[in-house]
Structures are given as C-alpha cells and as structure tokens.
Colleague: 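Please find one structure pasted underneath; my questions will follow.
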Amino acid sequence: MTVNPSQPWTGSRWMMHLGDFANMLKAFIGSNYLGVAYAFKQSGLLLGVVCLLIIASLTDHCCHLIVKTKYHAMKILLSQFKVKKQLSERYQTENHVSSDSSDIPNVDIEVDELAILKHHMMKHMSYGDIGRLCFGKKGLLLVNLFIGTTQFCFCVAYFIFIGNTIHKLFPIAVECRNVTANNTITYPVSFPTTTLASMPHLSDSRDIAAGLSDLNTTTMPLSTGIHFTIPDNNLSTPNLTTSTLPSNITMAPTLSPQNMSTTPTENSTKPWTQSCMDKSTAPDLKMLVMTPLPLFLVFALIRSIRNLSWISVTANISILGGCVAVFLYMIFNFSVSKFAYANFDGVPVFFGMVTAAFEGIGLVIPVESSMEGNRHNFNCFLHGAVGVLTLILGTFGIMGYIMFGDDVQQMINLNIPSTEWVSFAVNIGVCVGVLLTFPLQIYPVIELIEIILFSEGSICGPKQKKDRLLQEDDSEESLLPNVTEDLPVTVAVHIPDSVSAWKRNIVRILVVGAAVGLAIIFRASFAYIGGFTGAVGSSALAFILPCLFHLKLCHKDLSYGVIIKDILIIVFGCGASCISLVYVIKALVSHTSV
C-alpha cells in the first residue's frame, strides 16, 4: 500500500503504527545477527553483554540526536529564508520592482511559503544535507564517504557469506594419510562420506577418534587432525593387517623405492603413525565466492530503486525465516560448552563487529521523514527498534557462544551440522535473503560514485551550465530555495541525460568487480570485514558525526553538561574506532592468504 506523505493517513491507526515500526526495525536488522556469537568469543560472555548494552545505548541516543539536529537545521533555514524574503520585498519596494503577486498580502505569501518550505525539508532533508549545512561541501562529502564505505563493505561481506555458506552445503570426507613404518611404507586411509553414514557413531572428528579406539590404538592426540599409533603386533607379518579396521575402511600400501630392500621383520620393530583430517568435497572457496557474481552484475545495472521493492520484500522474508530457524535449532539442541567470561584483548574487534551490526542510523532520518501524521511516536518506535535489535543480537550472541564455545564459527549457521535438515533450510534461506539484499546495499555506492564522476562540472561529466538553479556553493544559503521563485524548490545533484549509458554501466561493473575481488582475498575473514566496517564507517555515522553536527548547529542553546557529553562521545568514538581498526587490520592480515 502506497501512501502520499503530503496527505494524512486515512487507514487504520494500528496499520499505520505497525508499518512505521516495521520500517524502523528493518532499518536496523539484516543478516548481522549471524556473526554476533563470534564477537562474543572475542570479548567473553559478561564483558560482551556490558559492551553490547553500551553500544546499543549510545546508538539509540545518537539516533535521537541526529533527528533533533535535523529539526534545528530546519529552524535555521526557515529563519534565513524569512530574512531573505523580507530583504527581497524591501528591495522590490525601494526600487519599485513589480511583482505578479503584488495584489496578495505579503504576510499571506510569507506564511504560505514558509509552510511549503518546512514541509519540503521535512520530507527531503537527509543526513548529508545536515553535514553540508554544518561544514559545506566537505561535510556532505564526509557523510557520503562513510555511508559509501559502509555499504561497500557490506557488499564485500555478502560475497564472502554466500561463498562460505555454499561451501558448507557440500559433504565432508575424512581422509587419513602418511601411515609410515620406519619411514618406508605409506598407507593412505580414506573415510568416505558413505562410510561415515554407515557408522552413526563416527559423525565428527571426536566420534571418529572414539571409533578408532577399537583398533587397539595406543595414542590419539587431537589437534589439527587425528594422530594415532598402531602397536607393533599389527606389523608382525608382511601383509600389514587391515583386519583390525572396519571392513569399509581401506588401506593401500605404497613402498618407498629407496628402502624396498628392508625386510618386514626389521620394520616390525618400529611403530607406524596415522594422520586423519576432515576434508570438504566442495570446490575451491575462491570459486564459490564468485558464484553470485552474474546475478549481482544484473542487479547493479538496475537504474531505479523503485524496481527493487519486490526484491526487498522477498529478502526480508528469507532473512526472517533463517533467523527463526537458527533460533529454534539452538533452543532444541542447547548445551553448554567451555567459554570465557572476559577477554579484554578482543574487545576492539567486538566493538567493530557489533557497531556494524547496528547499521541503521543512515536510514533513521528517511524513516522519520516518512512518518507523516505519526512523527510524535518516533521516539517510542526508535527505542523499540533498538531494543528489539539488542535483544536479538544478545540472544544469538549469548546462546551461540555458550553452546559452541571456542568452536563457534564466524557465521553461526556454519556451526549447524550439514546433516541436519535445519542447516539446509537456514543456509538456503539466508543466502536468498543476502542475494536479494545486495542491490539495495550497492545502489547508494553506485549512485555516489556516478555523481562524483558524471554530474555536471565533475571529473567525467559535461560542463556545468550557467544556470542559477544549478549553481551550488559551500555556504549555508545553498540549501535555501531561490527567493525570487514563487515556490521554494531545491535542485538535487543529478546525472545529466547526455552521459552515455555504457559509461555508467562500466562504472557499475567495476564497482561489483572490486567487491568480488576483495571478497576473494578476504574469503576467510567474514567477521573481520564486519569489524572493519564498524571501525571505519558505522562508528563515525553512529557516534562521531551526530554529536559533531549537534555541537556545530545547536551549541548556543546547549548547557555545559550537554556539550561535555557530546565531546565525550566524540572522543570515545574516535578512540574506539582507531584502536578497533588497528586490531581488525592485524586480524585480517593473519587470516588472509592469497
């Protein structure tokens, strides 16, 4: 159902409340809940809960702050417009300039124009407009830079997520190699998937080790694989026995050429060792990360975001279904593993990951602008949305970390055994949701890059027309409509029709190509890409810029306590971001192999 924001809501009140709250909640919730358990592994259980509550509280406060700053900016612009209008009327009077509306009282014109301007700004003022009002074009560029960086990093993470999830869907084979006797005989032993299926008690590495105890093994340390020693009595004959192994596990002897003269009797006095490893039957992860590339390229070529509405609805349903399936699996299979209560060394990584999970502040102003006739409930809806997201993240983080302990994966869906039906349902559902969310994430990145490259007067764009409506300056007045117009309007920066479509398509393909290239490099670092996103973009948008803009525009009306509070949040955001960025980069380097 589409509602004209300029008209009051005519439907049921409960539908209006439900729709506005759903929009607010969707601004914050994505697939971010899947990595929170791994974030709790970084910080420890209790320390993670405390840090989560701090981040949630600051996010909620700064979201309110940026909306307050928006209304203060509107107040400033309306005052400036009123002054300019009065000066214009005085100029017309002193110079006897005729006006088409001279027969209408000036006060009526002023009131009418102020109301139209206020309504226009209420609907269209953005985060970037506030930055521009504060610091000119530099402020607008700063906001767009952080928004673009955040969205682009999400797109890189989507490639990584889909590749790793598809990799998980392939069956696992357990392969044993390098069985030696006096370094002369090698016996590769493979445990195919069908073998494991026929032995229910050999479902994972620990159970395989338990099953191999039937082979009269004497040692079985478990580290990266399964290592065990077979006693000498199994080597008492030239035909190295396989009778002690299950019938469906085979050992193929291979003689080392340089030691073929060695007799079995001489070798029988030496033990031989075995190493078994889990090995996926999936293709190379680099190839799997590139799997969604063709579809993402098609999505990137879509010009209008309105054409993506059905994609958004399907993505929301898929992500919600995956969330519910993971939650139900953890409830019905809950157990307690070994976990830590506090780990201060991992807090910087936790900060980046969880800050990125609260990804909605860039959409708070547009959602508030859409709440025509219901803006008085904005504060309650925002508190509710942040509270629900905190509950979801906390539940998945705490339960996931307690349940899987140090074995928790960067994406919690990878901890669900592939033999479980819920694993297939979750992975497919979440993959579909992420696939269909990608165009909504890449769209603002492409739009920003195209404006930088192809708008009038830009690097690759046509020359700027000498038209007063297209002139932009760095002053606060650039956001005001031209006072000589009968109706106040603003002209947004746009891509001229003269720019060839093939040029724009090349840029879109290159943006997606850059995302998949980075995803291939950081294919094993899904969590740390999220940490980088939070440290660089999300923390600036959520903590630093709202307080900075609030101080810039509202400092004359603020008490010393509020000023000190804003400064402390800015210092906290800058310090936490820098520390988190250093730790995340170190983790990315250590987890990356080209």
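Quantities reported herein were computed from a predicted structural model and do not represent experimental measurements. One is the number of the first residue; the rest follow in order along the sequence.
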Colleague: Which pair of non-hydrogen atoms, one from Leu448 and one from Gly148, has the smallest distance, and what is that distance?
Modeller: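 Minimum heavy-atom contact is CD2-CA, 4.3 Å.
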
Colleague: Pro546 and Ala540: which non-hydrogen atoms are nearest, and at how many Å?
Modeller: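 Smallest interatomic distance, heavy atoms only, reads CD-O, 3.9 Å.
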
Colleague: For Phe40, run the ring pair (Phe, Tyr, Trp, His ring centres under 6.0 Å) check against Phe339, Phe350, Tyr401 and tell me which one passes.
Modeller: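 It is Phe350, the one option of Phe339, Phe350, Tyr401 that forms the ring pair (Phe, Tyr, Trp, His ring centres under 6.0 Å) with Phe40.
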
Colleague: Please round to the nearest 0.5 Å and tell me the distance separating atom CE of Met287 and atom CD1 of Ile520.
Modeller: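 The CE atom of Met287 sits 8.5 Å away from the CD1 atom of Ile520.
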
Colleague: Minimum heavy-atom separation for Ile412 to Ala37, with atom names?
Modeller: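 For Ile412 versus Ala37, the nearest heavy atoms are CD1-CB, 3.9 Å.
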
Colleague: For residues Tyr443 and Ile302, determine if any side-chain heavy atom of one lies less than 4.5 Å from a side-chain heavy atom of the other.
Modeller: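 Side-chain contact under 4.5 Å: no.
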
Colleague: With a 4.5 Å cut-off on side-chain heavy atoms, are Leu581 and Cys578 touching?
Modeller: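 When only atoms from C-beta onward are counted, Leu581 and Cys578 do not touch, as no gap falls below 4.5 Å.
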
Colleague: Quick check: do Val367 and Phe381 have side-chain heavy atoms less than 4.5 Å from each other?
Modeller: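 The answer is no, as the side chains (C-beta and beyond) never meet within the 4.5 Å cut-off.
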
Colleague: What residues, two or more places apart in sequence or in another chain, satisfy ring-ring contact (aromatic ring centres under 6.0 Å, His included) together with Phe161?
Modeller: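 Phe526.
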
Colleague: Return the minimal non-hydrogen interatomic distance between Ile570 and Cys547, and the atom names on each side.
Modeller: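 Minimum heavy-atom contact is CG1-CB, 3.6 Å.
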
Colleague: Applying side chain to side chain contact (heavy atoms under 4.5 Å, CB included) to Leu288 and Thr291, what does each step give before you reach the verdict?
Modeller: CA-CA 5 Å; Leu288 294 179; Thr291 302; 4.2 Å; yes

Colleague: Should Lys503 and Leu453 count as side-chain neighbours, where that means a heavy-atom distance under 4.5 Å?
Modeller: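 Lys503 vs Leu453: side chains apart.
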
Colleague: Do Asn333 and Met403 have side-chain heavy atoms sitting under 4.5 Å apart?
Modeller: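 A side-chain contact under 4.5 Å exists here.
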
Colleague: Set out, in order, the CA-CA distance, both residues' side-chain angles and the distance that settles side chain to side chain contact (heavy atoms under 4.5 Å, CB included) for Lys70 and Glu368, then state yes or no.
Modeller: CA-CA 10 Å; Lys70 168 192 169 181; Glu368 189 271 343; 2.8 Å; yes

Colleague: Compile the donor-acceptor pairs under 3.5 Å between side chains in residues 50-62 and protein atoms, sequence neighbours left out, one pair per line.
Modeller:
{"residue": "Ser57", "atom": "OG", "partner": "Leu53", "partner atom": "O", "Å": "2.8"}
{"residue": "Thr59", "atom": "OG1", "partner": "Ile55", "partner atom": "O", "Å": "2.7"}
{"residue": "Asp60", "atom": "OD1", "partner": "His383", "partner atom": "ND1", "Å": "3.1"}
{"residue": "Asp60", "atom": "OD2", "partner": "His383", "partner atom": "ND1", "Å": "3.0"}
{"residue": "His61", "atom": "NE2", "partner": "Lys565", "partner atom": "NZ", "Å": "2.9"}

Colleague: Could you tell me if the side chain of Val326 sits less than 4.5 Å from the side chain of Met330, heavy atoms only?
Modeller: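 With C-beta onward as the side chain, the pair touches.
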
Colleague: Please report the interatomic distance OG(Ser539) to CG(Leu545), rounded to the nearest 0.5 Å.
Modeller: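 One finds 9.0 Å between OG of Ser539 and CG of Leu545.
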
Colleague: Is there a donor-acceptor pair closer than 3.5 Å between any side-chain N or O of Arg508 and the backbone N or O of Ala300?
Modeller: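 Checking the backbone N and O of Ala300 against the side chain of Arg508, a donor-acceptor pair under 3.5 Å is found.
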
Colleague: Atom OH in Tyr38, atom CD in Gln410: separation rounded to 0.5 Å?
Modeller: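 Taking OH in Tyr38 and CD in Gln410, the distance rounds to 4.5 Å.
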
Colleague: Side chains of residues 393-400: which donor-acceptor partners sit under 3.5 Å, not counting sequence neighbours?
Modeller:
{"residue": "Thr395", "atom": "OG1", "partner": "Leu391", "partner atom": "O", "Å": "2.7"}

Colleague: I'd like to check the salt bridge (charged side-chain N to carboxylate O under 4.0 Å, His left out) partners of Lys41; sequence neighbours left out, ordered by chain and number.
Modeller: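 If we apply the salt bridge (charged side-chain N to carboxylate O under 4.0 Å, His left out) test to Lys41, skipping adjacent residues, there are no hits.
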
Colleague: Just verifying a value: how many Å separate Ile529 CD1 and Leu518 CG, rounded to the nearest 0.5 Å?
Modeller: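 Those atoms lie 7.0 Å apart.
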
Colleague: State, to 0.1 Å, how close Val354 and Ala39 come at their nearest heavy-atom pair, and which atoms those are.
Modeller: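 Nearest pair, atom of Val354 first, then Ala39: CG2-CB, 4.2 Å.
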
Colleague: Take Asn413 and Lys168 through the side chain to side chain contact (heavy atoms under 4.5 Å, CB included) test and state the conclusion after the steps.
Modeller: CA-CA 9 Å; Asn413 58 307; Lys168 174 68 175 177; over 6 Å; no

Colleague: Check the orientation of Phe438 and Phe159. Use parallel for under 30°, tilted for 30 to 60°, and perpendicular for over 60°.
Modeller: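 Perpendicular: the ring planes of Phe438 and Phe159 meet at over 60°.
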
Colleague: Does some side-chain heavy atom of Ile130 sit less than 4.5 Å from a side-chain heavy atom of Met125?
Modeller: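 Result yes, sub-4.5 Å side-chain heavy-atom pair found.
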
Colleague: How about Phe334: does its CZ atom have over 12 heavy atoms from other parts shown lying under 6.0 Å from it?
Modeller: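 More than 12 heavy atoms, drawn from other residues, nucleotides or ligands, come within 6.0 Å of this atom.
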
Colleague: What pairs meet the side chain to side chain donor-acceptor pair (under 3.5 Å) rule with one or both residues in residues 145-160, with sequence neighbours excluded?
Modeller: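 Pairs touching residues 145-160 that pass the test: Gln151-Gln441, Tyr158-Gln441.
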
Colleague: Relative to the ring of Phe351, is the ring of Phe543 parallel (under 30°), tilted (30 to 60°) or perpendicular (over 60°)?
Modeller: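 Tilted.
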
Colleague: Given the rule in the side chain to side chain contact (heavy atoms under 4.5 Å, CB included) test, do Val430 and Leu34 qualify, once you have shown the distances and angles that lead to the verdict?
Modeller: CA-CA 10 Å; Val430 177; Leu34 293 172; 3.6 Å; yes

Colleague: Show the nearest heavy-atom pair for residues Thr355 and Gly534, with the distance to one decimal.
Modeller: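 That would be CG2-O, 4.0 Å.
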
Colleague: Test of understanding: with ring-ring contact (aromatic ring centres under 6.0 Å, His included), list the residues that count as partners of Phe146, not counting sequence neighbours.
Modeller: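 Applying ring-ring contact (aromatic ring centres under 6.0 Å, His included) to Phe146 gives none.
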
Colleague: Do Leu133 and Phe549 come within less than 4.5 Å of each other through their side chains, counting heavy atoms only?
Modeller: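 No, too far: nothing below the 4.5 Å cut-off.
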
Colleague: Measuring from atom CD1 of Ile521 to atom NZ of Lys286, what distance do you get when rounded to the nearest 0.5 angstrom?
Modeller: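 Answer rounded to 0.5 Å: 9.5 Å.
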
Colleague: To the nearest 0.5 Å, tell me how far Ile442 CD1 sits from Ile446 CD1.
Modeller: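 Between atom CD1 of Ile442 and atom CD1 of Ile446 there are 5.0 Å.
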
